[in-house]
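Right, one structure below, let's go through it.
Nothing here was measured: the structure is a model prediction, and the numbers come from that model. Counting convention: from 1, in listed order, for ligands and their atoms alike.
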Amino acid sequence: MPADPLDAAKRLAAEKAAEIVRPGMRLGLGTGSTAKHFVDCVGEKVKGGMPLICVPTSEATRAQAAALNIPLTSLDETPELDATVDGTDEFDPQLRLIKGGGGALLREKIVASASKRLIVITDRTKQNTRLGRFPLPIEVVPFGLEATRRKIESAAARVGCHGALTLRRVKAGPVFVTDNGNYILDAAFGVIPDPEGLALALAVLPGVVEHGLFLGLASAIVIADADGVEIKGDLR
Ligand code: 5RP
């Protein structure tokens with residue numbers, strides 16, 4: 001178990017989620033420091049001889065999984081998955097999520113949507129009663145960036161969301177580019193009064209590829225802290 005308590009909680013959540021993995025499963029592999037632990041758990045199962053086939057949600061996860069000899073496929077070859085296990089940046093009591101802190105939200109949402117179940121693994125710090133503490137990542141195409149930014153501002157304002165939209169950079173250096181060749185605007189809205197309304201408002205904007213609101217996708221959230229593991233939703 002990792003010495004750092006936060007990392008230990010992430011590992012614990014990952015190990016709990018790994019209990020649902022059965023031979024022959026088609027699995028989506030999430031992205032981020034929590035999902036990384038789950039990929040390690042899957043690697044151990046593969047090493048032990050369990051047949052599995054997996055779809056990674058990012059190039060980073062693909063590299064990790066390949067190094068662990070986890071058999072990989074694509075959604076073109078395997079368009080339906082049994083489950084995806086992924087981390088989150090924030091979650092609320094209705095199992096709604098903000099994701100995309102690692103910049104993989106588009107592939108994460110496509111893979112989660114192709115899965116019968118999305119199981120979220122997290123430490124307790126990501127819990128919130130209302131979404132919005134974590135700036136909402138919005139993936140946009142580079143073309144027309146300023147025009148798209150303004151459209152986002154006015155669409156968000158119509159559903160009660162106001163706040164700075166910051167172009168994501170790599171450590172205050174070059175612009176962060178997603179695995180899909182796009183940019184990310186991080187929207188510091190604070191509390192989002194109507195996540196469903198905001199999701200719809202963003203989805204129709206040209207130039208917006210995807211946003212980090214994951215609504216109605218998570219079937220279970222595995223939350224770990226120093227006291228152990230709590231499960232919200234249905235892990236089976
Ligand atoms: C990546 C994500 C991650 O799941 C999210 O950022 C959580 O990451 P971590 O487990 O490192 O806190 O959405 O796009």
*Give the other cluster members for Val46, using side-chain heavy-atom distances under 4.5 Å between Ile, Leu, Val, Met, Phe, Trp and Tyr residues; answer none if it is isolated.*
Met1, Leu12, Ile20, Val21, Met25, Leu27, Leu29, Phe38, Val39, Val42, Met50, Leu52, Leu68, Ile70, Leu72, Val85, Ile119, Ile121, Val222, Val229, Ile231, Leu235

*Of the protein's non-hydrogen atoms, which lies at the shortest distance from atom 10 (O) of ligand 1, and what is that distance?*
Thr34 OG1, 2.5 Å

*Starting at NZ of Lys16, measure out to CZ of Arg11 and round the result to the nearest 0.5 Å.*
14.5 Å

*May I ask whether Gly103 has any heavy atom positioned less than 4.0 angstrom from an atom of ligand 1?*
yes

*Quick one: nearest non-hydrogen protein atom to atom 5 (C) of ligand 1, plus distance?*
Asp89 OD1, 3.2 Å

*Enumerate the atoms of ligand 1 whose separation from the nearest heavy atom of Lys99 is less than 4.0 angstrom.*
2 (C), 3 (C), 4 (O), 13 (O)

*Provide, to 0.1 Å, the distance between atom 3 (C) of ligand 1 and the closest protein heavy atom, together with that atom's residue and name.*
Thr31 O, 3.2 Å

*Is it true that the side chains of Thr73 and Thr78 contain a donor and an acceptor less than 3.5 Å apart?*
yes

*Residue, atom name and distance, where the atom is the protein heavy atom closest to atom 2 (C) of ligand 1*: Glu108 OE2, 3.3 Å

_Atoms of ligand 1, numbered as shown, that sit under 4.0 Å from any heavy atom of Gly32_ = 11 (O)

Run the side-chain donor-acceptor check on residues 135-146: report pairs under 3.5 Å with partners two or more places apart or on a different chain.
| residue | atom | partner | partner atom | Å |
| --- | --- | --- | --- | --- |
| Glu139 | OE2 | Thr178 | OG1 | 2.9 |
| Glu139 | OE2 | Asn180 | ND2 | 3.0 |
| Glu139 | OE2 | Asn182 | ND2 | 2.9 |
| Glu146 | OE1 | Arg149 | NE | 3.0 |
| Glu146 | OE2 | Arg149 | NH2 | 2.8 |
| Glu146 | OE2 | Arg150 | NE | 2.9 |

_For the residue pair Lys109 and Phe214, would you count it as a cation-pi contact if the rule is NZ or CZ under 6.0 angstrom from the ring centre and within 45 degrees of the ring axis?_
yes

*Would you mind running through ligand 1 and noting each atom that sits below 4.0 Å from a heavy atom of Gly100?*
2 (C), 13 (O), 14 (O)

_Test: Asp89 and Lys99 ion pair at under 4.0 Å_ = no

*With a 4.0 Å heavy-atom cut-off (strictly under), which part of Asp86 contacts ligand 1: side chain, backbone, both or neither?*
side chain

_Within the 3.5 Å criterion, strictly below it, is a donor on Gln64 or Asp40 matched to an acceptor on the partner's side chain?_
yes

_For Thr88, the ligand 1 atoms whose distance to one of its heavy atoms is below 4.0 Å_ = 4 (O), 5 (C), 7 (C)

_Looking only at protein heavy atoms, which one is nearest to atom 12 (O) of ligand 1, and what is the separation?_
Lys126 NZ, 2.8 Å

_Between CG on residue Asp186 and CZ on residue Arg168, distance to nearest 0.5 Å_ = 4.0 Å

*Of the listed options (Ser33, Ala35, Gly87, Pro137), which comes nearest to atom 9 (P) of ligand 1 when hydrogens are ignored and any heavy atom counts?*
Ser33

